[in-house]
Amino acid sequence: MALVTIKRNSPQHIAVRVLGVLLVVIAVLWVPTKMTTGNIDSMTNALALVIAASALNLVIGYTGLISIGHSAFFGIGSYATGVLVSKYGWGHGWSMIFGALLAFVFGFIVALPALRIKGIYLALVTLAVAVLFPTMMKWPKLEWLTNGARGISGIRYEELPSLPFLGELKGRDDRTVFFYWYAIMLVIITVLVCRGIVKSRMGRALIAIRDNEIGAEVMGVNLATTKTLVFGVSAALTSLAGSLSVARTGVVTADGANLTLIGSIVFLVVMVVGGAATITGPIIGALVYVWVDNYTRTASASGEGLIGWLFDWSAVSPASIILSVALIVLMFVAPDGVFGLVRRLARRVVVIK
Amino acid sequence: MSEILRTHDLRAGYGLIEVLHGVNINVDAGEIVVVLGANGAGKTTMMRAISGMIPRTGVVDFLADDIAHLSAHKVTARGIAHVPQGRGTFPELTVEENLRIGAHSRRDSFAADIDYWYGVFPRLQERRLQRAGSLSGGEQQMLAIARALMSRPKLLLCDEPSLGLAPLVTRELFEVLQRLNSETGLSVLLVEQNANLALEIASRVYLLETGEIVSSGTPDEYMNNDAVRKSYLGH
Amino acid sequence: MSRFFQYLFDGLSSGAIYSLLALCLVVVYRGTGYLNFAQGEMSMFCTFLVWKLNDWGMPLWLAAISGMLIGYLGGATVETTLIRPVAKRSQFAVFVVAIGLFLGLNSLAGAIWGAPPQETMPSLFPNEPDDFQRIFGASWRYQSIGILIVGLVVTGLLFALFNKTRFGLAMRAVASNADSARLVGVNTGRVLAASWGLAAAIGALAGTMVAGTTGEVVPGLMFSYFVYASAAATLGGFDSLGGAVIAGLTIGVVENMAAGYAPKWIGQEMRLGVALLIILGVLLIKPTGLFGEQKVSRV
Amino acid sequence: MDLLKVDGVTVEFGGIVALSGLTFNVQQGDICGLIGPNGAGKTTVFNVLSRIYEPTQGSVTFDGVDLLGVEAHDIAKLGIGRTFQNLALFPSMSLLENVMVGAHSKGRVGFVRAITRFGVRREDRQLRETSMALLEAFGLAQLAAHPAAGLPFGTLKRVEIARALAAKPKFVLLDEPASGLTHSEVDELADTLVRVRSEFNLTMLLVEHHMSMVMKVSDKIVVMEFGRKIAEGTPAEVRDNPEVIRAYLGTDA
């Protein structure tokens, strides 16, 4: 069957893993030193999606609770940072922590209906949350806080921590690199949190809930606390992505792409395309997503190549069309996403026993 | 006697697991054939394979035509009615609607048939406008059988009709089956855990174990066989 | 008092559209157990087609009927080719495909017709400034009366279809117990395709009427209506046709009254918020909706 | 000593009575058989004991604790394990992980410790070892890494028993453990149950249709019909009870 068989924890296996980590480190270092400013910025954008999609993965992929309301948690992080930094003079770090706590509480509350209802009904609750959030932010009664539909702009970033490895914040180029490292740091936190949960008693409990709820309960899994807490953790992580993007762009508006239902859908697409219920999936998914988005945008604008020729008639960038077709096709050919597909192919060559 | 159903090397299962490992049975016109077997032996799977509810391989000859490739609704149209385990009535529909949908595969008028079944089961007529879900277990089983026969089938597949029924009701039910058989010549393939009663009305018996037919014979042979008595009759 | 009647009437008119779209959701849900997240986008896309046919010179009512036919075929095709094959795998796969359709149809419409200026859409009903009737001091526009009548007629036809025809009985049988429906000879595949087709056709009609009131067709045309319809279907219990209609009309009236009587707190901005809070409230208090049936789950 | 006391328990679903005034006790260390026709309410009893169904009347006492005051997820902590008639395994998990989830109520790592990795490795290592030992005891060690999905029914039935034992319960509820097994496997299972009972110092409530097995392993048998108890006693007593023969075992034709 497979060409090579490697024993688990043998020197070869450890060597393969070390090599893998090394490649990732090289790639991470390569981006800010060799890429153009625009591309580094795209990578930062991708990293924000990694955070949001990984967080969503905890809820959908592992626990099996459908949510299309995560854009609201992204929004909570965005507004927490926007409001606290620009109106109350908080530092970015503290605003981010506050946003995460707030999102945790909110996630916890949103998950409460999940204790009684399932499937589409839960999806509807989260739909309501996703649509309600931007509406609330534009509500005239909250205008004193949120600036209504105008949103908050000119959020300063000078007070971000300038740790030595993050570099100094001087000039435009440095700023891009700075936020890249800032994002990497948050991605590492997110991945460690997700991986920590998944590879533990709680992670097994999550999958048990997804696979068979009654079985899980009889084994002693407390459905109520487990579901609400995982939703809370997921919401808190998603809000980090929101804080990050506000710090990066200095602007927050209620209709910003990631704060509306479209944002939730994008997170979902990233998660599914990469591969649900895996740690690596959302990372791959985000890279694929941002690459497709950028590539089709430039190709269709210049009318070059296959994309330009195929979508000659299109009034706007066909990125979403391509992604939605990809999403549907993936459900047919590789329901476990790109990472699942790669892993299946890799197992034909190497098997770890 | 003319043969109505014959399966040859019938295999079926769920997902990757094969439950039926090549079953060969036949039913002649006017017979009541009983299949005995333990829990999990594959009795329900066999019934579902014959009526096209699950993918299957092998040959299912019905009135000399191979129907193994037909989907369930076409099998019904050919003249096989299947009363599934657990009755399978439509709980949200009324009793009368249940009977009407039973005639779905027919194009002719069936009002007389409904009256006929109300005559056979007067309790159904009393409850004709009630939702089937509100009927008692015995009434639901009557309804399920009447509904199946609304299509005027040539063969009735009956999967554990006594499930959850009081002994008295079960006896009544079996009497109805026997009467239908003798009066209309309806052929029946019956799967039953309540082997004692089933053997009373059977013309022939098959024994199914772990997905294979291990023996066949007359009811008398089975009632006098000690091993069978111990395993399936409980005494 | 005339204000009250004005809000009541406006509410019934918009509620009729919510009801229509909610009926689409219920028809699909009853047959298959799925919420069609792409329902609003399917309506929107069909509405663009209606507009295009009309633009090419077809009379509007003929264009609307053609749009419904195209919608029927499209809906049935989507069910057979995209939904049914993945439905065997998991409910989540169906959800993802529906999300894919949502995104795909939305961006496709944007790509074809998205560039400004927005496309102007005529109304199916007389819609000149003086086309109204004054009753109880409220102005009843012919367009609103027309929508209300169409809503009631479609509801009536659906009821007749479900309760009086052989095919309707088969649809209800499939919804009640799909396995048994196959055993009595119902071609369940055809019934499922038909229910998606039917939902898409009604959606096309609803979209055409919505575009007629706003006067333009845009890719985001049906989104808020989809949310309202979800609220109505939730309130009604998702498996009850009557429940969906009553809930749709109720939501229409409630949000119009709320926006009208509390302009400072709710106003036009928070109208959608009212519908969403209804979803949340109903699901927290009675998860199966007001008219839904509690199903006993067995282990 | 009575470990379990079920007293006058009634369960109704929308007007349908699934259990009516059911009363029986199970002694510490016994294997108690629970038999009766399909639909008699045996699985309902299990679902009451696992707190999945709420009785409308009656009381249940386990080891001196009022069971009806305990939440479903705390039942395992009290020392009650169970298997399911139609399996409630976690199909995407390996057999080893399934058994590890079985010991969930014994674990201590929550979200905070999981994220900070405090003591996670040690807990997992211990769990892995005890779970492997259980799989070995049921002859499933070579399948430990195999996902539960796709394995034969009979095998999965054994996995469920192993999973039920992972939390070291005092009392296990076995719902038709022998279904899907061949006759020789049923005999083997009967021996395993008796062995496991003394090894783990267990009390068992056993629902089963294979009469030979129930008669062989049970210390006491409770017979049910239509949600009621119609007889109770030793296997020999039950076998000769005319009421039981009428309702379940059947009379000579």
Side-chain angles (χ1 to χ4, degrees), chain B residues 14-15 44 47-48 50-55 70-94 96-107 109-110 131-134 140 143-153 156-159, chain C residues 26-27 29-33 80 84-85 87-90 159-195 236-243 288-289 291-299:
Chain B
Y14 301 95
T44 297
M47 298 295 240
R48 290 169 66 85
I50 293 172
S51 65
M53 292 298 284
I54 49 173
L70 294 183
S71 51
H73 65 272
K74 288 188 178 141
V75 171
T76 307
R78 292 282 179 105
I80 296 183
H82 180 169
V83 179
Q85 193 176 25
R87 304 169 198 121
T89 46
F90 301 104
E92 286 88 8
L93 305 190
T94 64
E96 188 146 319
E97 284 172 338
N98 265 276
L99 293 176
R100 271 169 46 209
I101 192 78
H104 187 84
S105 57
R106 287 169 57 182
R107 297 284 154 183
S109 146
F110 50 79
R131 289 180 169 214
S134 69
Q140 292 216 24
L143 177 59
I145 288 175
R147 187 195 66 198
L149 295 174
M150 282 295 294
S151 64
R152 296 233 179 133
L156 180 71
L157 309 179
C158 222
D159 194 351
Chain C
V26 171
V27 165
Y29 179 77
R30 281 173 54 124
T32 56
T80 30
R84 205 182 304 162
K88 287 184 205 121
R89 191 151 44 219
S90 72
F159 267 97
L161 172 71
F162 269 83
N163 294 312
K164 301 283 176 212
T165 68
R166 205 177 90 98
F167 192 72
L169 184 59
M171 283 178 103
R172 287 191 295 143
V174 171
S176 176
N177 186 336
D179 266 5
S180 287
R182 291 172 68 194
L183 285 178
V184 297
V186 175
N187 184 344
T188 48
R190 203 158 66 191
V191 167
L192 296 183
S195 41
F238 254 102
D239 52 3
S240 153
L241 289 175
T288 49
F291 305 92
E293 301 216 355
Q294 189 86 45
K295 292 206 170 89
V296 178
S297 63
R298 296 213 55 164
V299 184

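Numbers restart at 1 for each chain; the letters A, B, ... are given by sequence-line order, proteins then strands.
At a 4.5 Å heavy-atom cutoff, B/Ser71 makes no contact with chain C through either its backbone or its side chain. Of the two parts of B/Arg100, the backbone and the side chain both hold a non-hydrogen atom closer than 4.5 Å to a non-hydrogen atom of chain C. For C/Ala175, no part lies under 4.5 angstrom from a heavy atom of chain B.
Counting heavy-atom pairs closer than 4.5 Å to chain C, the top residue among B/His104, B/Lys74, B/Glu97 is B/His104. Highest contact tally toward chain C, considering only B/Arg147, B/His82, B/Met53, is held by B/Met53 [criterion: heavy-atom pairs under 4.5 Å].
Contact of the B/Phe90 side chain with the C/Arg172 side chain is not registered, since no non-hydrogen atoms from C-beta on lie closer than 4.5 Å. Looking at C/Phe162 and C/Val27, their side chains come closer than 4.5 Å, going by heavy atoms from C-beta outward.
Of the listed residues (C/Val174, C/Thr80, C/Asn187), just one forms a side-chain contact (heavy atoms from CB on, under 4.5 Å) with C/Leu192, and that residue is C/Val174.
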* To do: Could you please spell out the steps behind the salt bridge (charged side-chain N to carboxylate O under 4.0 Å, His left out) verdict for C/Asp179 and B/Arg48?
  => CA-CA 10 Å; C/Asp179 266 5; B/Arg48 290 169 66 85; 3.7 Å; yes
* Asked: Checking side-chain contact (heavy atoms from CB on, under 4.5 Å) for the pair C/Arg190/B/His73: CA distance, chi angles, key distance, verdict?
  -> CA-CA 11 Å; C/Arg190 203 158 66 191; B/His73 65 272; over 6 Å; no
